[in-house]
2 protein chains.
Amino acid sequence: MMETGPDLRTAGQARPGCPVSQVKDKLRRAGLRPTRQRICLGWLLFGKGDRHITADTLFDEAQRARVPLTLATVYNTLKQFTDAGLLRQIAVEGRKAYFDTDVTDHHHFLVDGEGELIDAPHTSAPLTVTDLPAAPAGYEIKRVDVIIRLRRRSGAPRRISGAQAP
Amino acid sequence: MMETGPDLRTAGQARPGCPVSQVKDKLRRAGLRPTRQRICLGWLLFGKGDRHITADTLFDEAQRARVPLTLATVYNTLKQFTDAGLLRQIAVEGRKAYFDTDVTDHHHFLVDGEGELIDAPHTSAPLTVTDLPAAPAGYEIKRVDVIIRLRRRSGAPRRISGAQAP
DNA sequence: TTACGTGCAAATAATTTGCAGTCCC
DNA sequence: GGGACTGCAAATTATTTGCACGTAA
């Protein structure tokens with residue numbers, strides 16, 4: 001499948017109103033200089049709705065979009081975007097780092113065994129956590145991450161593992 | 001500080017009633033052959049209450065306890081214990097794998113910036129998660145992991161990040 | 001005895017870094 | 001023009017693996 005968006009190789013040029021310009025604005029607002037590489041990666045990341053990526057997923061996409069950049073730049077850019085608040089790193093065990101373009105509060109499904117990550121819909125009411133333990137003295141709560149682990153198979157009754165009694 | 005427990009170098013010998021024998025039983029019940037290395041690591045892991053460790057934390061402890069084993073064995077053993085349900089791997093972002101000797105349902109505080117993990121006390125009522133999104137078709141929920149991210153500093157009012165409005 | 005475990009060292013995998021050259025403002 | 005950014009390759013860090021030897025049952 002070919003990309004249908006603007007030619008990313010010319011992303012450096014000003015084209016007000018086009019998605020590329022929106023990415024440039026987004027970068028500038030985040031305090032990042034809008035270089036060609038950042039614009040391209042930003043376009044890939046933010047131009048398609050919310051998504052989860054790893055460094056080499058994104059690197060592959062960039063290559064398929066014929067954007068010349070290196071894996072090291074992808075790593076650096078992901079970190080810079082994360083520091084700037086444009087991305088959020090998702091806590092999953094395993095060696096790969098996953099990033100989420102959706103930085104609003106929501107949670108994730110993780111399919112057991114393989115690293116398949118699915119956004120938990122925050123279409124419904126935002127998740128509520130009650131009886132949250134108090135933070136230890138000297139600390140404050142910054143964020144609560146929830147990972148809902150899934151097992152393949154179906155048919156079994158849906159239960160909340162965190163609760164002691166059904 | 002010196003260890004006050006039994007000499008782990010003789011862990012292979014039967015000594016009914018001593019902690020080492022309890023570890024051997026635990027291993028056997030889990031279907032693992034109680035070898036010297038597993039007994040030593042099991043004793044280090046389970047002999048001191050609930051704790052979080054990484055492969056090289058545990059390796060260090062083993063060395064300090066003058067137990068001769070290799071880092072590779074520590075890795076293998078951690079995986080075997082985890083598969084056997086004696087340990088649980090904690091989902092934290094970052095390259096290191098953390099393991100928890102407490103396999104009951106509970107959650108974790110994670111201090112921002114550094115990999116400091118603290119058990120959330122499950123002394124209070126077990127954490128309740130409401131409005132949990134339904135699992136996608138074909139899947140069932142196996143477990144829900146919650147990581148409560150902390151920021152140093154204090155004084156700020158305790159708030160639940162999952163809530164939408166300030 | 002014999003299959004299961006372990007030690008060792010080398011292989012992988014993911015990510016980071018140093019430095020020379022390039023590009024944005 | 002000057003400092004911020006990138007490319008490249010080599011370095012690090014965390015973990016896994018293959019194979020010869022050791023040991024529990």
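Here is the naming used below: chain letters follow the sequence lines, and residue numbers restart at 1 for every chain. Given the structure is predicted, the values throughout are model-derived calculations rather than measurements.
- The distance between atom CG of B:L78 and atom P of D:dA14, rounded to the nearest whole Å, is 14 Å.
- Summarising the geometry, the separation between NZ on B:K24 and C1' on D:dT23 is reported as 13 Å, rounded to the nearest angstrom.
- Annotation: of the two residues near DNA chain D, B:A72 and B:K96, the 5′-most nearest-nucleotide partner is B:K96.
- One can place CD1 of A:I39 at 13 Å from C1' of C:dC25, the figure rounded to the nearest angstrom.
- Comparing B:L32 and B:R95 along DNA chain C, the residue whose closest nucleotide (by nearest heavy atom) sits nearer the 5' end is B:L32.
- For A:R28, whose side chain is taken as the heavy atoms from C-beta onward, the closest listed nucleotide among C:dC25, D:dT6, D:dC8 is C:dC25.
- Remark: B:R38 is in phosphate contact with C:dT6, judged by side-chain N or O atoms under 4.0 Å from OP1 or OP2.
- A:D100 and A:H108 share a side-chain donor-acceptor pair at under 3.5 Å.
- Remark: B:L87 CG to B:Q80 CD distance equals 11.0 Å, nearest 0.5 Å.
- Of the inter-residue distances, the one linking B:L86 atom CG with B:L27 atom CG reads 6.5 Å to the nearest 0.5 angstrom.
- Listed by chain and number, the residues in a side-chain hydrogen bond (donor to acceptor under 3.5 Å, both in side chains) with A:E93 are A:R149 (sequence neighbours excluded).
- Per the geometry, CG belonging to B:L71 stands 13 Å off P belonging to C:dA9, to the nearest Å.
- Here the nucleotide nearest the side chain of B:A55, chosen from D:dT15, C:dT6, C:dT15, is D:dT15.
- Phosphate proximity of C:dT22 to A:R36: absent, as no side-chain N or O sits under 4.0 Å from OP1 or OP2.
- Under the 3.5 Å distance criterion, the side-chain polar atoms of B:T101 are matched with a main-chain donor or acceptor of B:R51.
- Residue B:R33 places none of its side-chain N or O atoms closer than 4.0 Å to OP1 or OP2 of C:dT6.
- OP1 or OP2 of C:dT16 has at least one side-chain nitrogen or oxygen of A:K79 nearer than 4.0 Å.
- The nearest heavy atom of DNA chain D to B:T35 and to B:T54 marks one nucleotide each, and the one closer to the 5' end goes with B:T54.
- Taking atom CG of A:L69 as the reference point, atom C1' of D:dC5 lies 13 Å away to the nearest angstrom.
- Taking atom CD of residue B:Q89 and atom C1' of nucleotide D:dT16, one finds them 14 Å apart after rounding to whole Å.
- In terms of phosphate contacts, B:Y75 brings a side-chain nitrogen or oxygen within less than 4.0 Å of OP1 or OP2 of D:dT15.
- To the nearest angstrom, P of C:dC8 lies 11 Å from CD of B:Q37.
- Rounded to whole angstrom, the span from the CG atom of A:L27 across to the P atom of C:dC24 amounts to 13 Å.
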